[in-house]
There are 2 protein chains.
Amino acid sequence: MLSLTCKTAIKAVIYLASKHQSGHKASIKEIAEFIDASEHTVGKMLQTLVREGVINSVKGPNGGFYVSGKQINQPIISIIEAVDGKEVFRQCGLGFSKCSSSHPCPIHDDYKVVRDLFEKMCREKSVNDLCEPVNSGLAYLFG
Amino acid sequence: MLSLTCKTAIKAVIYLASKHQSGHKASIKEIAEFIDASEHTVGKMLQTLVREGVINSVKGPNGGFYVSGKQINQPIISIIEAVDGKEVFRQCGLGFSKCSSSHPCPIHDDYKVVRDLFEKMCREKSVNDLCEPVNSGLAYLFG
DNA sequence: AAAATAAAAGTATTTAAATACTTTTATTTT
DNA sequence: AAAATAAAAGTATTTAAATACTTTTATTTT
């Protein structure tokens, strides 16, 4: 459902959230290394997130990326919408470009339940919700 | 979650199921046209399905593809496993190559619910279950 | 037996996502 | 002011999935 870039974005933002308390700004290289992703992908993707207001950045020496107190409480759906767009949660399970209740694919009703459950989770989980288990060693950002 | 080839496979098998009663064998071209997909993709994919025993084929004049009475009652998960493999239902929501309850990603538990719901649907819905609404004009194979 | 038809198999190309690389711009440090 | 650092932006290449093309094999019809 989510592109690889989007999954990388979620991990990166959670990483930044884990540094929020310390006030530390993380570089592209540092983030990429920690989440085991390509620097180039991470760099390009972080720019998109900054542009969409999901995270912040500072150029120059001691520059880097960080999240504000408000941003740490945003739901992860804002990351998803910034990278993959809003249509992620309206995609047809069988690849139709137009699938609706008036012209449905054969699994439309069943798939809608799955998709809506996923969307609900993405709306309800904040960056901080996912960051806490990482900070306490119960979840990881690589594997 | 499913590759485009896999979604095409599901539509193609449902199409063949819709022809089951008439005993009609469908050609690659006919199937591709009806589900609005590339002949080449459909041709290659149908071979895989035949090889995996999901559908049957006959070469030569009056040849084509068809499903047996037994195959029409198989769950669509057999199509999915033939094309995308069994690991479709074990993929990590954040792209980890190894994500488990002992080394989970931050959304592991929540995503597992979504993934398991999707798998459950794929195990319970048979080809025939999805074919019936298509035959009665309540669902479509293109759009 | 030969011709026609159509799947099966093999090989090649395109496409879009992911990744790579270079230059510009902004900021801090000296 | 100059140098160093690092993000921002622009451009290019690679990769894997999807699609395209050709040849072989199997089957039916004549």
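Note that the coordinates shown come from a computational prediction; the quantities given were computed from them, not determined experimentally. The chains referred to below are lettered A, B, ... by the order of the sequence lines, with proteins before strands, and numbering in each begins at 1.
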Gap between atoms CG and P, on N62(B) and dT27(D) respectively (whole Å): 14 Å
Between the CD atom in E30(B) and the CD1 atom in I35(B), the distance rounded to the nearest 0.5 Å is 11.0 Å
Candidates dA7(D), dT5(C), dT19(C) - which lies nearest the side chain of P61(B): dT5(C)
When the distance from NE2 of H40(B) to C1' of dT15(C) is rounded to whole Å, what number comes out? 15 Å
The side chain of S27(B) lies closest to which of these nucleotides: dA18(C), dA8(D), dA7(C)? dA7(C)
Output for pair (D84(B) CG, I77(B) CD1), nearest 0.5 Å, gives 11.5 Å
Of the listed dA8(D), dT19(D), dA18(C), the closest approach to the S38(B) side chain comes from dT19(D)
Between E33(A) and K29(A), does any side-chain N to carboxylate O distance fall below 4.0 Å? yes
Mapping K44(A) and L46(B) onto DNA chain C by nearest heavy atom, which one lands closer to the 5' end? L46(B)
By nearest atom, which of the nucleotides dA20(C), dA7(D), dT19(D) is closest to the K59(A) side chain? dA7(D)
Take atom CG of D36(B) and atom P of dA18(D), then tell me their distance rounded to the nearest Å. 16 Å
Whole-Å distance, E39(B) CD to dA8(C) C1', equals 15 Å
Minimum heavy-atom distance I28(B)-V42(B), with the two atoms named: O-CG1, 4.1 Å
Intra- and interstrand pairs of DNA chain C - dot-bracket, Watson-Crick/G-U under 3.5 Å, | marks other strand: ||||||||||||||||||||||||||||||
Can you measure M45(B) atom CE to dG10(C) atom C1' for me and round it to whole angstrom units? 19 Å
Could you tell me the separation between the CG atom of N56(A) and the C1' atom of dA8(D), rounded to a whole number of Å? 15 Å
Among dA9(C), dA7(D), dA8(C), which nucleotide has an atom closest to any side-chain atom of R51(B)? dA9(C)
Would you indicate what G64(B) reaches in the nucleic acid, counting non-hydrogen atoms under 4.0 angstrom: base, sugar-phosphate, or nothing? sugar-phosphate
Find which nucleotide of DNA chain C each of G60(A) and S3(A) is nearest to by heavy atoms, and output the residue with the more 5' nucleotide. S3(A)
CD1 of I72(B) to CG of N128(B), rounded to nearest 0.5 Å, is 4.5 Å
Does OP1 or OP2 of dA18(D) have a side-chain N or O of T41(B) closer than 4.0 Å? no
Determine whether any donor atom in the side chain of Q47(A) lies under 3.5 Å from an acceptor atom in the base of dA7(D), or the reverse, and answer yes or no. no
In whole Å, I'd like the distance from the CZ atom of F65(B) to the P atom of dT27(D). 14 Å
Separation of I55(B) atom CD1 from dA8(C) atom P, in whole Å? 8 Å
Does either side chain, that of S102(B) or that of S100(B), offer a donor lying less than 3.5 Å from an acceptor on the other one? yes
What orientation do Y140(A) and H103(B) show, parallel under 30°, tilted 30 to 60°, or perpendicular over 60°? parallel
For dA6(C), does OP1 or OP2 lie under 4.0 Å from any side-chain N or O of S57(B)? no
Aromatic ring pairing F118(B)/F89(B), orientation class (parallel under 30°, perpendicular over 60°, tilted between): tilted
